[in-house]
K.L.:
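Have a look at the structure that comes next, please.
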Amino acid sequence: MCGVFGAYSASGAPVLEDVYLGLSALQHRGQLSAGVAWTQGGSVHIKKGLGLVHEALQQNELAEIEAHAAIGHVRYATAGGTERENSQPLGANYAQGPVAIAHNGNLTNATALSSYLANRGAIFQTTCDTETIIQLMAHQPSTVQLEALENALTKITGAYSIAVLFEDCLIAARDPWGFRPLALGRRGDDYFVASESCAFEIIGAEFLRDVEAGEILVIDRRGVISRRLPITAQRLRHCSFEYVYFARPDSVIDGRSVYAARKNLGACLARGGKCPQNSIVAGMPDSGTLAALGLAQEAGVPFEAGVVRNRYVGRTFIQPTQRVREAGVKIKLNPQPGIFDGKEAVIVDDSIVRGTTAGRTVSTIRGAGAKKVHMRIASPPVRYPCYYGIDTPSSEELIAAQSDIEELRVKIGADTLRYISCEELCESIGLPREELCTACFDGGYLDEEESGGRLEV
Ligand code: SF4
């Protein structure tokens with residue numbers, strides 16, 4: 001998962017500080033690296049570094065650069081290693097001029113495309129799937145850039161929400177299935193694109209609309225022109241996990257409020273089974289909190305902020321190694337003293353992936369005095385890996401793929417354990433199941449036929 005941001009000022013105002021602020025609002029989507037790109041004097045310029053936005057980039061330095069169009073990226077690694085050269089944006093100056101790209105999602109045919117291109121002389125600078133898009137463009141040296149990009153996009157499959165920069169033009173494009181979110185915003189004559197609408201607030205821009213699945217926006221001095229990719233998807237596949245876990249609750253994605261979806265998920269859990277007498281409801285911060293609130297309100301049971309999160313430790317799920325992940329869990333969450341004493345604790349979390357966090361949570365809450373610990377999960381069991389941009393592990397490491405729910409309950413040490421179904425997930429989000437991807441829950445991946453059979457170049 002990553003975050004992308006793009007800005008274009010038709011009045012010629014500098015925009016790099018806006019990009020910096022936009023990336024800061026998208027920090028939850030990636031903490032491994034951050035970067036920005038702009039064009040000047042016919043060349044692409046890039047600044048990027050490892051770590052959080054404020055560690056990787058200098059705000060005051062960016063504020064002084066006179067660029068009226070720029071893109072930015074925050075990264076967490078799903079394809080390619082964690083090395084600095086895989087940080088984005090990626091950029092190049094080729095026969096048709098400068099190009100830079102920031103990408104959220106995973107391309108499912110990147111390996112096949114890379115070998116095809118390498119066999120024709122392409123020299124890859126990174127191990128990042130995104131580079132195949134630039135290489136595909138560079139292999140069309142006499143085709144104008146927009147056309148070359150559109151041709152490149154017809155060759156790739158999988159998930160991409162991208163911001164692309166040419167010499168004097170910002171492009172935003174979303175794959176035909178709409179896996180990852182992408183939003184369009186405006187402030188006077190300035191236009192912005194961002195992975196989530198929450199990034200517009202901080203720069204004083206208004207959220208106009210979502211970029212549609214299969215849409216390409218061309219933003220330049222004339223304004224915004226909408227084009228369509230020449231590919232028709234059989235159905236939409238907006239990532240349902242964005243609503244459960246990944247997106248910020250103050251974002252609206254594909255017309256649905258993440259905040260409302262999370263509370264609905266909790267209410268759904270409440271309708272699935274009564275809370276015991278003398279119970280209190282608490283959520284695992286931050287992504288379990290709203291579902292816990294929804295559950296408590298629907299069930300009429302007291303809600304307590306019973307678990308305190310150390311805000312200076314990153315999100316467990318997006319740290320790249322098991323060792324760091326485990327260390328993160330230990331220092332990240334602490335129960336509020338006295339709150340659980342003699343109570344039946346109903347603890348709501350967004351999901352169970354490897355089971356490390358859930359097991360530790362149950363023993364911690366029990367250790368804090370709870371008589372019983374009832375785990376409630378605001379999503380269906382995660383049984384399959386994601387190939388579209390979220391770094392879930394292989395099925396062997398997914399605890400729900402290896403155990404049924406009763407075995408899983410025993411493994412994590414809870415007194416009861418309850419999930420919601422895929423149908424309930426979609427109802428809570430408020431979109432039809434045929435418009436949502438639920439592949440990590442039910443294994444319903446894009447098949448070759450649906451992806452258009454464009455696996456070969
Ligand atoms: S597989 Fe899961 S995480 Fe991946 S896009 Fe689909 S719903 Fe989202």
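Values below: every heavy atom of this structure, side chains too, minus hydrogens, waters and symmetry copies. Read the numbers this way: they start at 1 and go in the same order the structure lists the ligands and their atoms.
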K.L.:
Starting from atom 4 (Fe) of ligand 1, find the nearest protein heavy-atom neighbour and note its residue, name and distance.
P.N.:
Cys386 SG, 2.3 Å

K.L.:
Yes or no on salt bridge (charged side-chain N to carboxylate O under 4.0 Å, His left out) for Glu215 and Arg209, after CA distance, side-chain angles and deciding distance?
P.N.:
CA-CA 12 Å; Glu215 186 177 25; Arg209 66 175 177 89; 2.8 Å; yes

K.L.:
From atom 4 (Fe) of ligand 1 out to just under 2.8 Å, does an N/O/S atom of Cys440 turn up?
P.N.:
no

K.L.:
For Glu298, look at atom CD and say whether over 12 heavy atoms of other residues, nucleotides or ligands are found less than 6.0 Å away.
P.N.:
yes

K.L.:
Could you tell me, atom by atom, which parts of ligand 1 come under 4.0 Å of a heavy atom of Cys239?
P.N.:
3 (S), 5 (S), 7 (S), 8 (Fe)

K.L.:
List every atom of ligand 1 that sits less than 4.0 Å from any heavy atom of Ser240, numbering the atoms from 1 in the order shown and giving each element.
P.N.:
7 (S)

K.L.:
Starting from atom 6 (Fe) of ligand 1, what is the nearest protein heavy atom, named by residue and atom, and what distance separates them?
P.N.:
Cys437 SG, 2.3 Å

K.L.:
Got a salt bridge between Arg187 and Asp18, using NZ or NE/NH1/NH2 to carboxylate O under 4.0 Å?
P.N.:
yes

K.L.:
Output the list of atoms in ligand 1 that are nearer than 4.0 Å to some heavy atom of Phe241, sorted by atom number.
P.N.:
3 (S), 8 (Fe)

K.L.:
Does Lys411, at its NZ atom, have more than 12 non-hydrogen atoms belonging to other residues, nucleotides or ligands within less than 6.0 Å?
P.N.:
yes

K.L.:
Which residue, Glu423, Glu427, Glu424, forms the salt bridge (charged side-chain N to carboxylate O under 4.0 Å, His left out) with Arg433?
P.N.:
Glu423

K.L.:
For the side chain of Ser395 and the backbone of Tyr384, is there at least one donor-acceptor N/O pair under 3.5 Å apart?
P.N.:
no

K.L.:
Is it the side chain (CB and beyond), the backbone, both or neither of Arg180 that lies under 4.0 Å from ligand 1, heavy atoms counted?
P.N.:
side chain

